[in-house]
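Everything numeric in this text was worked out from a predicted model, so none of it was measured. Counting begins at 1 with the first residue of the sequence.
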Amino acid sequence: MPKPRQTKIGTVEAMLRQPGGTNVMALCEATGWQPHTVRAALSGLRRAGFTITRTRGAEMGDPTTFRITADPEQWFWVHRRWKVGARRG
């Protein structure tokens, strides 16, 4: 069976899952996208249910770091867990 192809949005997601996160310029270099396209991809991931945390640089001019802190499935599981009569499974 052939190995699944790595998509650009998959690359973005993998970089955002790193413990330290990543910044827009690193995502631009990895994907070949322009900064506005990277920001649109981050918005798309948020709409898909990912929680992306933004951490500003400590000094003026330091890049802002983005990191995925929760997956859509995690939120869905926690949300359904507290509903009365929700099925588990």
Side-chain angles (χ1 to χ4, degrees):
M1 182 176 214
K3 183 179 173 184
R5 196 178 93 198
Q6 180 70 21
T7 62
K8 288 185 180 182
I9 197 69
T11 301
V12 170
E13 188 178 332
M15 290 177 74
L16 290 170
R17 289 184 186 281
Q18 296 173 357
T22 189
N23 61 49
V24 171
M25 293 315 297
L27 291 169
C28 287
E29 291 173 11
T31 60
W33 291 342
Q34 293 186 8
H36 67 275
T37 308
V38 169
R39 289 190 296 273
L42 293 175
S43 293
L45 288 171
R46 284 187 184 107
R47 276 193 306 272
F50 289 94
T51 302
I52 299 176
T53 303
R54 180 179 75 178
T55 307
R56 294 185 186 232
E59 301 272 330
M60 182 79 149
D62 286 349
T64 300
T65 304
F66 298 91
R67 186 170 64 92
I68 290 178
T69 54
D71 290 330
E73 298 83 21
Q74 292 171 332
W75 180 87
F76 185 69
W77 180 82
V78 169
H79 179 69
R80 282 183 48 95
R81 181 175 122 180
W82 299 110
K83 281 190 170 183
V84 177
R87 280 190 347 191
R88 293 182 186 220

| request: Indicate yes or no: at least one non-hydrogen side-chain atom of T64 is less than 4.5 angstrom from one of R54. | output: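 SC-SC contact between T64 and R54 confirmed.
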
| message | Has T31 got a side-chain atom pairing as donor or acceptor with L27's backbone, closer than 3.5 angstrom? | response |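 Between the backbone of L27 and the side chain of T31 there is a qualifying donor-acceptor contact (under 3.5 Å).
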
| said: Applying the side chain to side chain contact (heavy atoms under 4.5 Å, CB included) criterion to V12, which one of I68, T7, L45, T22 satisfies it? | reply: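 Exactly one candidate clears the test, L45.
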
| When rounded to the nearest 0.5 angstrom, what distance separates SG in C28 from NE2 in H36? |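 Between C28 SG and H36 NE2, I get 9.5 Å after rounding to 0.5 Å.
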
| field | From CA spacing to verdict: side-chain contact (heavy atoms from CB on, under 4.5 Å), F50, R17 | value | CA-CA 11 Å; F50 289 94; R17 289 184 186 281; 3.4 Å; yes

| Any chain of hydrophobic side-chain contacts (each under 4.5 Å) joining M25 to L42? |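 As far as the 4.5 Å side-chain criterion goes, L42 and M25 are not connected within one cluster.
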
| request: Apply side-chain contact (heavy atoms from CB on, under 4.5 Å) to R46 and I52, showing your working. | output: CA-CA 7 Å; R46 284 187 184 107; I52 299 176; 3.9 Å; yes

| request: Walk me through it: do T69 and T53 pass the test side chain to side chain donor-acceptor pair (under 3.5 Å)? | output: CA-CA 6 Å; T69 54; T53 303; 3.1 Å; yes

Which heavy atom in [X] sits nearest to a heavy atom in [Y], and how many Å separate them?
X	Y	answer
G20	T65	O-CG2, 3.1 Å
M15	A26	CE-O, 3.7 Å
G57	D62	CA-CB, 3.5 Å

